[in-house]
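Counting convention: from 1, in listed order, for ligands and their atoms alike.
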Amino acid sequence: MSLGLDACPFIINLYRKRMNGIAYYQTADNKNSAAATLEKSIFLLCYNAREIIQKEVIKVKILIVGASGTIGTAVAKELEKKHEIIRAGRNGADVQVDLQSTDSIKDMYEKIGKVDAVINASGGASFAPVTELTPELNEVAISSKLKGQVNLVLLGIDHVNDGGSFTLTTGVMMDDPIPKGVSAAMANGGVKAFVKASAIEMPRGIRINNVSPNVLQESLEKYGDFFPGFEAVPSSRVSLAYKKSVEGKQTGQTYEVY
Ligand SMILES: NC(=O)c1ccc[n+]([C@@H]2O[C@H](COP(=O)([O-])OP(=O)(O)OC[C@H]3O[C@@H](n4cnc5c(N)ncnc54)[C@H](OP(=O)(O)O)[C@@H]3O)[C@@H](O)[C@H]2O)c1
């Protein structure tokens with residue numbers, strides 16, 4: 001039998017009984033044998049280790065805006081393993097929100113109460129060459145990717161518990177430009193600067209970071225032609241950067257998943 005932690009659930013399930021609320025050990029045949037004593041020691045070791053591990057990973061309440069999207073789905077899948085997730089978006093989510101409307105953001109926060117972490121995985125932009133980018137077309141990225149994310153933070157600070165976090169989404173285009181990507185890059189750069197600057201003034205130990213993904217493997221069919229020569233990343237890898245932001249201690253960071 002392996003004595004590693006992997007064996008713990010097996011041993012615990014096999015031997016643990018709860019009597020009067022206290023973990024109770026009992027061997028099947030010979031309680032006084034040397035083998036039983038060894039098994040009892042292993043059980044107690046495993047039980048204590050499990051208790052310590054469970055205390056280290058604290059379950060938190062996480063709001064994910066854009067949870068039905070390509071990135072949002074992967075992030076929710078990763079974080080729901082340990083945490084409570086509230087999914088937000090314009091359609092069919094736990095709570096409705098349109099980040100382009102400050103009233104809608106306020107309504108959402110009123111409805112959900114306090115949370116420990118806010119993640120945004122949404123934001124649109126017009127794809128056009130700079131010579132064809134009109135102020136109107138550029139407004140999409142300003143109102144959605146830039147102001148939408150910034151307002152989610154400005155209106156959300158009082159709704160985030162002490163020591164909580166915000167995690168916003170930018171993208172590779174701000175560092176590695178592509179044709180027609182100027183509007184999205186502009187908004188991403190603004191969000192990155194907002195994160196770095198606001199981190200030093202966040203109250204009550206609240207942290208703020210952003211994740212800047214490369215083009216996702218899952219999005220290649222949709223966006224692949226815009227990113228020739230880019231090495232697409234799987235959404236599962238991108239989701240780990242959000243996990244690091246929520247469960248870690250860093251602030252003011254841009255997690256580049258390139
Ligand atoms: N996919 C990539 O390869 C990639 C790479 C780098 C960066 N990014 C950036 O990451 C973000 C998410 O990308 P994605 O590919 O996961 O997007 P996606 O698949 O199109 O999903 C977008 C999500 O956001 C929600 N949403 C859209 N507009 C919203 C609004 N105004 N208010 C609230 N929720 C809204 C959508 O749900 P509803 O329609 O129901 O609202 C959906 O859940 C975008 O900013 C994108 O530019 C993506």
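Side-chain atoms of Leu99 and Ile105, non-hydrogen and from C-beta on, do get closer than 4.5 Å to each other. Val215 has its side chain out of reach of Val172: every pair of non-hydrogen atoms, C-beta onward, lies at least 4.5 Å apart.
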Could you list the donor-acceptor pairs under 3.5 angstrom formed by side chains in residues 180-196, with sequence neighbours left out?
residue, atom, partner, partner atom, Å
Ser183, OG, Asn138, OD1, 2.5
Asn188, OD1, Lys145, NZ, 3.4
Asn188, ND2, Ala184, O, 3.4

Just distance, no hydrogens or angles: give the donor-acceptor pairs under 3.5 Å from side chains in residues 251-258, sequence neighbours left out.
residue, atom, partner, partner atom, Å
Thr251, OG1, Ile208, N, 3.0
Thr251, OG1, Ile208, O, 3.4
Gln253, NE2, Thr251, O, 3.3
Thr254, OG1, Asn210, ND2, 2.8
Tyr255, OH, Gln250, OE1, 2.9
Tyr258, OH, Asp175, OD2, 2.6
Tyr258, OH, Ser212, OG, 2.7

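Side chains of Thr70 and Glu218: a donor-acceptor N/O pair is absent below 3.5 angstrom, by distance only.
The N/O atoms of Gly72, backbone and side chain alike, include none that comes under 3.5 Å of an N/O atom in ligand 1. Residue Val65 has no N or O atom closer than 3.5 Å to an N or O atom of ligand 1. Of the polar atoms of Lys145, at least one N or O is found under 3.5 Å from an N or O of ligand 1, judged by distance alone. For ligand 1, the polar-atom distance check finds an N/O of Leu216 within less than 3.5 Å of one of the ligand's N/O atoms. For ligand 1, one of its N or O atoms has an N or O atom of Leu99 under 3.5 Å away.
Closest to atom 8 (N) of ligand 1 among all protein heavy atoms lies Ile71 CD1, 3.8 Å. Summary of contacts: the protein heavy atom closest to atom 27 (C) of ligand 1 is Arg90 NH2, 3.3 Å.
Comparing Ser101, Gly66, Ser68 by heavy-atom distance to atom 37 (O) of ligand 1, the nearest is Ser68.
At a threshold of 4.5 Å between side-chain heavy atoms, the hydrophobic network of Ile, Leu, Val, Met, Phe, Trp and Tyr places Val233 and Met173 in two separate groups.
With ligand atoms numbered from 1 in the order given, ligand 1 contributes 5 (C), 6 (C) to contacts under 4.0 Å with heavy atoms of Asn214.
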